[in-house]
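What follows is a set of notes on a single structure, which appears directly below.
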Amino acid sequence: MNNILFVAGSNSIYSQIRSKPAGFLAGIWHGLILPITFVISLFNHGVGIYETNNNGGWYNLGFIFGLSSVFGGSGSQIN
């Protein structure tokens, strides 16, 4: 059974036969949900934080965008 939240890992929708690799939008999603999936992956080995079946640079760019929107900031400092 595939997961319904499109998380990375051994039971992801991207690990099925004839499935396309994860792309830019999947990378953004996986970056956004990283804090939650990291905690879940400690207890469930079917959930991962990074999809290994990806299309390379575009997935990585999306992952960085998603991750930076969660852990990043505006870049300004309050004085």
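Between the CG atom of Leu61 and the CG atom of Asn55 there is a distance of 10.5 Å, given to the nearest 0.5 Å. Atom NE2 of His30 and atom CG of Leu25 lie 11.0 Å apart (nearest 0.5 Å).
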May I have the list of side-chain donor-acceptor pairs in residues 34-48 shorter than 3.5 Å, sequence neighbours left out?
unit_1 : atom_1 : unit_2 : atom_2 : d
Thr37  : OG1    : Ile33  : O      : 3.1
Thr37  : OG1    : Leu34  : O      : 3.2
Ser41  : OG     : Thr37  : O      : 3.3
Ser41  : OG     : Phe38  : O      : 2.7
Asn44  : OD1    : Gly46  : N      : 2.9

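Side-chain atoms of Asn53 come within 3.5 Å of backbone N or O of Tyr14 as a donor-acceptor pair.
Minimum interatomic distance between Tyr59 and Ala26 (heavy atoms only, all atoms of both residues): CE1-C, 3.9 Å.
For Ser69, the side-chain contact (heavy atoms from CB on, under 4.5 Å) test picks out Leu32, with sequence neighbours left out. Considering only residues two or more places apart in sequence or on other chains, Asn60 meets the side chain to side chain donor-acceptor pair (under 3.5 Å) condition with Tyr50.
Counting only heavy atoms from C-beta outward, the side chains of Glu51 and Phe63 never approach each other to under 4.5 Å.
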